[in-house]
Amino acid sequence: MTSTIVETMNLKKWIRGDFAGYKDFAKAGFLFAALTTLLLGAVMFSYIYASPAIGLMTAEGWIYLAVAALGHAACFALAAYILFLIVGLTGLRRPAVWLMVLLCALSVVFMILNRQVYAIYRFHINGFILNMVTGPGAGGIFVLDSWMIVKECALLALFAAAIVGLWFAAMHISRSRSGGRAVVWSALLMALLIPAAHLYHAYGAFVRHAAVTRAAVSLPYFYPLTAKSLLTKLGVKAPESVAGDEMELADGEVCYPAAPLVVHQPDSLPDIYLILLDSWNPRGFTEETMPNAWRFGVENTRFTRHVSSSNGTRCSVFGIFYGVPGYYWESFEAAGVTPPLISRLLQLGYDVQAYPAANLLNPDFRHTVFRQVDNLNEGEECATVWQSDRSLTDRFLADMKTAQSDEDNTPRFSFLFYDLPHAIALPPERNVHFKPAWDFADYTRLTNDLDPTEFWNLYRNCLREDDNMLGEVLEAIANREHLTGRPALVILSGDHGQEFNENHHNYWGHSGNYSNAQIMVPLAVRFPGGAHNGETFAHRTTHYDFVPTLMARYLGVENDAADYSIGHDLLEGAPGREWHISGSNLNYAFITPGDTILEKGGAGELTVYDPHMNLVDGYHINPAEMRVALDRLNRFIK
């Protein structure tokens, strides 16, 4: 009886924060962190049941998800524990306990709320959602029944109470004889789970195990390790065909296309040439800098307000070929989705070929965009980028020479991708046309006050060199059209822009913001038969428009473009063109018709900029318009 009374009194002291020493204090807090990890990990694990990715899960995926959920939860719990220790060192041990319990309770409650958002929108709580909740008119979007609010509060209170209960449990375990062993085993497991989740994801992503990559995406705010470039450099080769590549879409999380394609055989099939310059600033698209490209634009059709699907190569090229945002990259890669454009070209008997300056493995367009294409050029390693661009041009010209003599006159689809404007590097003997120019791109000199003239001239010299090669390419296309009689459709554009501090906020290059300086690119098109020659269109067009234009006009696809793209026919005017979406699944922006930028950062924060990257304070998003934009973004998710 006396022993029980003593134990009860000691327990009360420990609950109040009256510990015998700092070691006991630290031990109790660590065990609480370990127990919180179990609860929080279970909540994170449950996200898979709110995700259509559950259809991709295998035994490997379930095991990985358990490891990753616990490892990720441990990071949250340990962050609270570190703060607990720091406050405890000051002698404020009772406040340290209260603080840690509060932080862990808030983490669990937030993850429960976030799970509900994830089940609706397929992404986690971010600034857009918060703005929709707090913005004007939010009540018209989120209609909450009183009874539902009561149930929600009760649910969250239950989990908060569970966290408090875990503190009592941690105190009890800490006082027991097995308390020390529990600390050791918990520490070992955490030390193994956290790196294991990242290392195995790097492996799973490299060999394209869909269950692993999609399980990782379902976890909230989890940014796992990838090492494709490192493994490739080390000579490790990903398998050409892996389990999951041929998985039916009905078993995955994406529904793309949204409906089966209805097609007919076109009366004629044009040759199609898609030519991209990496990092093409529209200010370089002038007669002085690029006479061949300029003449092509003037003689054919120009679109003067064309924007990319991203500010980086991976998602911009993805948007061009799939007609949807790079937000879908991971989902499509995991499910083995081929662009309907490529599938239709192959179905019609096109000879599909790529001519890249670099290889197609980083970003991995080989196993996404061109996964169904046999005998694809993989690029060629050269000493300089100029030589790489020269090499792709020579390969294309050689193939065109062979194609001109083909008796069956097979229709061709060729993708040429130049890299010099991205590299901004030239051999000295070729860096001569525009002076004065830097000898090389010295990024250490870039400041907001720098006069960019010499850097800009180096860039213009790169454009001039590629323009010389474009002249040869366009001449070869014209010769084939003349000899075979098959009309040519030529699209000349850039993957994304390249900023030279146009916004005067010390932004240089790309991938830094979603202003026009980084996502606007030139676009000139030669339509078959000379249609629209000499015309200029000023409505905003996007990379998402390429696929609908090709599919409906030339490839015999009868579906509404909304079945396989968020774009429109290039020649359609402004009506019906909603907010533009640019970026990846982690970082993207909605850009309004007036070019206001609503950027969602990697941590979910919302930042609003005007068209020149000045911060906008007090901006209120119209929740109804945002809901339409979000529905459009998620159109191809079940």
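Quick note: residue numbers are just sequence positions, from 1. As a basis for the values below, the full set of heavy atoms in this structure was taken, side chains included, without hydrogen atoms, waters or symmetry mates.
- For the pair Arg632 (side chain) and Trp579 (backbone), a donor-acceptor distance under 3.5 Å is present.
- Put simply, the side chain of His543 gets close to the backbone of Asp495: a donor and an acceptor are under 3.5 Å apart.
- One distance of note links CG of Leu361 with CG of Asn359; it measures 4.5 Å at 0.5 Å rounding.
- Between the side chain of Asn377 and the backbone N or O of Ala354, at least one donor-acceptor pair lies under 3.5 Å.
- A donor-acceptor pair under 3.5 Å is absent between the side-chain atoms of Asp563 and the main chain of Ala259, judged by distance alone.
- Arg540 and Glu572 are not joined by a salt bridge, as no carboxylate oxygen comes within less than 4.0 angstrom of a charged side-chain nitrogen.
- Applying the ring pair (Phe, Tyr, Trp, His ring centres under 6.0 Å) test to Tyr350 and every residue at least two apart in sequence or in another chain returns nothing.
- Remark: Arg412 engages Asp351 in a salt bridge, criterion side-chain N to carboxylate O under 4.0 Å.
- Between Asp394 and Arg390, at least one side-chain N (NZ, or NE/NH1/NH2) sits under 4.0 Å from a carboxylate O, which counts as a salt bridge.
- Arg371 places a side-chain N or O within 3.5 Å of a backbone atom of Gly336 that can act as its donor or acceptor partner.
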- Lys600/Asn587 under side chain to side chain contact (heavy atoms under 4.5 Å, CB included): CA gap, chis, key distance, verdict: CA-CA 6 Å; Lys600 195 279 292 186; Asn587 176 264; 6.0 Å; no
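- In this structure, Tyr273 and Phe396 have perpendicular ring planes: the angle between them is above 60°, well past the 30° mark.
- At least one donor-acceptor pair under 3.5 Å links the side chain of Arg486 to the backbone N or O of Leu269.
- Aromatic ring centres of Phe413 and Phe415: separated by at least 6.0 Å.
- With hydrogens and angles ignored, the 3.5 Å screen pairs no side-chain donor or acceptor of Arg115 with any backbone N or O of Val43.
- Under the 3.5 Å distance criterion, the side-chain polar atoms of Thr549 are matched with a main-chain donor or acceptor of Leu570.
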- Message: The test is side chain to side chain contact (heavy atoms under 4.5 Å, CB included); show your working for Met44 and Leu40 and say whether it passes.
- Response: CA-CA 6 Å; Met44 292 180 176; Leu40 191 56; 4.0 Å; yes
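- The CG atom of Leu225 lies 8.5 Å from the NE2 atom of His201; values are rounded to the nearest 0.5 Å.
- Inter-residue side-chain proximity for Pro325 and Ile566 is flagged as met; some heavy-atom pair is nearer than 4.5 Å.
- Ring geometry, Phe636 versus Tyr328: the interplanar angle exceeds 60°, so the pair is classed perpendicular (tilted spans 30 to 60°).
- Taking the six-membered ring for Trp and the full ring otherwise, Tyr203 and Tyr200 have centroids separated by under 6.0 Å.
- His539 contributes no side-chain N or O that, together with a main-chain N or O of Arg305, makes up a donor-acceptor pair within less than 3.5 Å.
- The ring pair (Phe, Tyr, Trp, His ring centres under 6.0 Å) test with Phe332 singles out one residue from Phe318, Phe321, Phe365, Tyr327, and that residue is Phe318.
- For His580 and Tyr544, the gap between ring centers is short of 6.0 Å.
- The residue from Ile519, Thr542, Ile581, Val307 that alone fulfils the side-chain contact (heavy atoms from CB on, under 4.5 Å) condition with Ile591 is Ile519.
- A donor-acceptor pair is defined here as one N or O able to donate and one able to accept, closer than 3.5 Å; no such pair exists between the side chain of Ser308 and the backbone of Ser316.
- Between His198 and Phe222, the distance from one ring center to the other falls under 6.0 angstrom.
- Sorted by first then second residue, the salt bridge (Lys or Arg N to Asp or Glu O under 4.0 Å) pairs that include residues 512-524, not counting sequence neighbours, number zero.
- Here CG of Leu630 is found 13.0 Å from CZ of Arg635. Values are rounded to the nearest 0.5 Å.
- With sequence neighbours left out, the side-chain hydrogen bond (donor to acceptor under 3.5 Å, both in side chains) criterion links Trp329 to Glu333.
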